Amino acid sequence: MPIPAPPQPVVIADYGAGTAQNSMRPINAAIAAVRGRTRPEHSVLVTHTDTADNDFSTMFRILESDPESYLHKDSATFSSAIGRSFYSQILPSNSVHLGWSAWAMVRLGRAPMPVPDHVVAAYSNDERVRAAYARQAAHDWHEFIAFRGRELCPGGRLVVLTTALDDDGDLGYRPLFRSVVGALTELIACGVVSADEATRMSLPIAGRRVADFTAPFAPSGRFERLEIQHVELVDAEDRIYNAYRSDKDASAFGTRWADFLRFTAFADLGAALGAPDRLPEFYDRLHAGIAARLSAEPEPMRIPIAAVVLEKRRSSQ
Ligand SMILES: C[S@@+](CC[C@H](N)C(=O)[O-])C[C@H]1O[C@@H](n2cnc3c(N)ncnc32)[C@H](O)[C@@H]1O
């Protein structure tokens, strides 16, 4: 990536930062690499982006209080935030030297249609549902890289980690999603949710195959001024199962996965309930149902992820 002449700061953008807790290590690594090429007083500006309803107060508190925060490791590094969807241009053209986005592109800009027979389109038996989500995923990837292509400086790079689909269309997390469907079925039987409400519950997420990432670049290998430098599919480590292997605590195994879903997915499922006063009971019962199912038979999850690196061509190329 290019380093601007001082006093222009090196700009690192973290797209879909959440609390920024998980951004510390990659951003520290990036700053260490930058420092190999700059004077220590050359300023670095890290801008964390997320949607407007992200809890930016928590994010800034973590940036301040976490001992691993880059703010405590490098006195010429500054942080800022942007509360707008990354499916539009959110930073000035040619202003970002390095972009980073982890576990965020999995979420689509919109859910194209309900998934009546599952909570995840990739596991629906309805071909039309799977096709509609695949089209939305292709559209969103196209938009995401087009806007990042404007924001990156010539020579700038973008690194994306996101949920992948393997060649068999496997999105991973099968036992987890099975437990969600099982818990919802039980909640219908107990009258906590109606069958209609459960039918409307789905997660606006999609994985992508290698060919989906490369499609906008075909056939020349270029898309506007961007080039793909690297695409790789790997199975991410299942840390929750690894913890279970060492502590043998099946109950903690189920609870950890249920906690993960409470944080990442419950709000999307709860949106199908008309009355907000029903949400606490729904969330608690869903959490208990998922945790119980997973604890009964702890299994490792496959977690296919894609790592994609893009570069914006320099003007002379
Ligand atoms: C699972 S969290 C990941 C957070 C962090 N990047 C990490 O690696 O842990 C996904 C984040 O992406 C954000 N996100 C999803 N869609 C987004 C969009 N269209 N624009 C900006 N942020 C988005 C979510 O709000 C959420 O904070």
Side-chain angles (χ1 to χ4, degrees), residues 12-30 46-63 66 68-70 79-91 96 98-112 119-121 133 136-151 158-164 171-173 176-177 180 202-208 234 236-240 256-271 301 303-309:
I12 300 175
D14 175 18
Y15 295 101
T19 63
Q21 185 88 61
N22 292 335
S23 307
M24 303 302 181
R25 284 179 67 188
I27 288 179
N28 281 332
V46 183
T47 183
H48 301 278
T49 88
D50 210 289
T51 50
D53 49 12
N54 185 51
D55 184 354
F56 285 104
S57 302
T58 296
M59 186 194 86
F60 280 116
R61 271 188 217 109
I62 288 175
L63 287 172
D66 187 331
E68 287 307 305
S69 169
Y70 55 82
S79 46
S80 64
I82 292 176
R84 292 186 73 195
S85 168
F86 50 47
Y87 293 127
S88 58
Q89 185 172 352
I90 54 175
L91 281 154
V96 175
L98 177 65
W100 164 258
S101 182
W103 304 104
M105 276 297 298
V106 60
R107 189 181 179 89
L108 300 174
R110 66 179 193 95
V119 288
V120 176
Y133 276 71
Q136 184 69 38
H139 172 267
D140 288 351
W141 174 243
H142 186 280
E143 296 291 283
F144 183 81
I145 58 174
F147 291 120
R148 302 300 78 78
R150 287 187 206 164
E151 293 166 359
L158 173 68
V159 183
V160 179
L161 294 186
T162 185
T163 303
L171 181 83
Y173 301 96
L176 184 65
F177 291 130
V180 177
S202 54
L203 302 177
I205 61 169
R208 294 173 177 86
V234 289
E237 179 192 344
D238 177 350
R239 292 190 182 183
I240 295 180
R256 286 183 185 127
W257 274 117
D259 287 349
F260 166 79
L261 282 182
R262 190 193 280 271
F263 175 64
T264 54
F266 276 21
D268 286 315
L269 301 176
M301 310 273 170
I303 306 178
I305 57 166
V308 185
V309 183

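No experiment lies behind these values; they were computed from the predicted model shown. Just follow the structure's listing: the first ligand is 1, and inside any ligand the first atom is 1.
In terms of modelled atom types and a separation under 3.5 Å, the side chain of Asp268 and the main chain of Leu203 share no donor-acceptor contact. A distance-only check finds a donor-acceptor pair linking the side chain of Arg208 to the backbone of Met105 [under 3.5 Å]. Judged by distance alone, the side chain of Asp66 and the main-chain N or O of Ile62 form no donor-acceptor pair under 3.5 Å.
Residue-to-ligand polar distances keep Ser23 apart from ligand 1: every N/O pair is separated by 3.5 Å or more. The distance criterion of under 3.5 Å between nitrogen or oxygen atoms is met by Ser85 with respect to ligand 1.
None of Phe147, Trp100, Trp141, Phe144 except one satisfies the ring pair (Phe, Tyr, Trp, His ring centres under 6.0 Å) rule with Phe86; the exception is Phe144.
Summarising the contacts of atom 24 (C) of ligand 1 with Leu108, Asp50, Thr19, the nearest heavy atom is found in Asp50. Considering each of Gly18, Ala102, Ala52, the one bringing a non-hydrogen atom nearest atom 3 (C) of ligand 1 is Ala102.
Proximity of Leu261 to Thr264: side-chain heavy atoms (C-beta onward) are separated by under 4.5 Å at one or more points. A heavy-atom distance below 4.5 Å is found between the side chains of Leu176 and Phe260.
Listed by atom number, the atoms of ligand 1 under 4.0 Å from Tyr87 heavy atoms are 19 (N).
Here the OG1 atom belonging to Thr51 is positioned 7.5 Å from the CZ atom belonging to Arg107, to the nearest 0.5 angstrom.
Applying the salt bridge (charged side-chain N to carboxylate O under 4.0 Å, His left out) rule to Asp259 yields no partners; only residues at least two apart in sequence or on another chain are considered.
Considering only non-hydrogen protein atoms, atom 2 (S) of ligand 1 sits nearest to Trp103 O, 4.0 Å. Protein heavy atom nearest atom 12 (O) of ligand 1, with residue, atom name and distance: Ala104 CB, 3.3 Å. Asn22 ND2, 2.7 Å is the protein heavy atom nearest to atom 9 (O) of ligand 1. What sits closest to atom 4 (C) of ligand 1 on the protein, heavy atoms only, is Gly16 O, 3.4 Å. Protein heavy atom in closest approach to atom 15 (C) of ligand 1: Arg107 CD, 3.6 Å. Scanning the protein for heavy atoms near atom 21 (C) of ligand 1, the closest one is Phe86 CD2, 3.3 Å.
Evaluation of the salt bridge (Lys or Arg N to Asp or Glu O under 4.0 Å) test over residues 136-149, restricted to residues two or more places apart or in two chains, returns Arg148-Glu151.
Close to ligand 1: Thr51, with a non-hydrogen atom less than 4.0 angstrom away. At a 4.0 Å cut-off, at least one heavy atom of Ala17 sits close enough to ligand 1 to count as contact.
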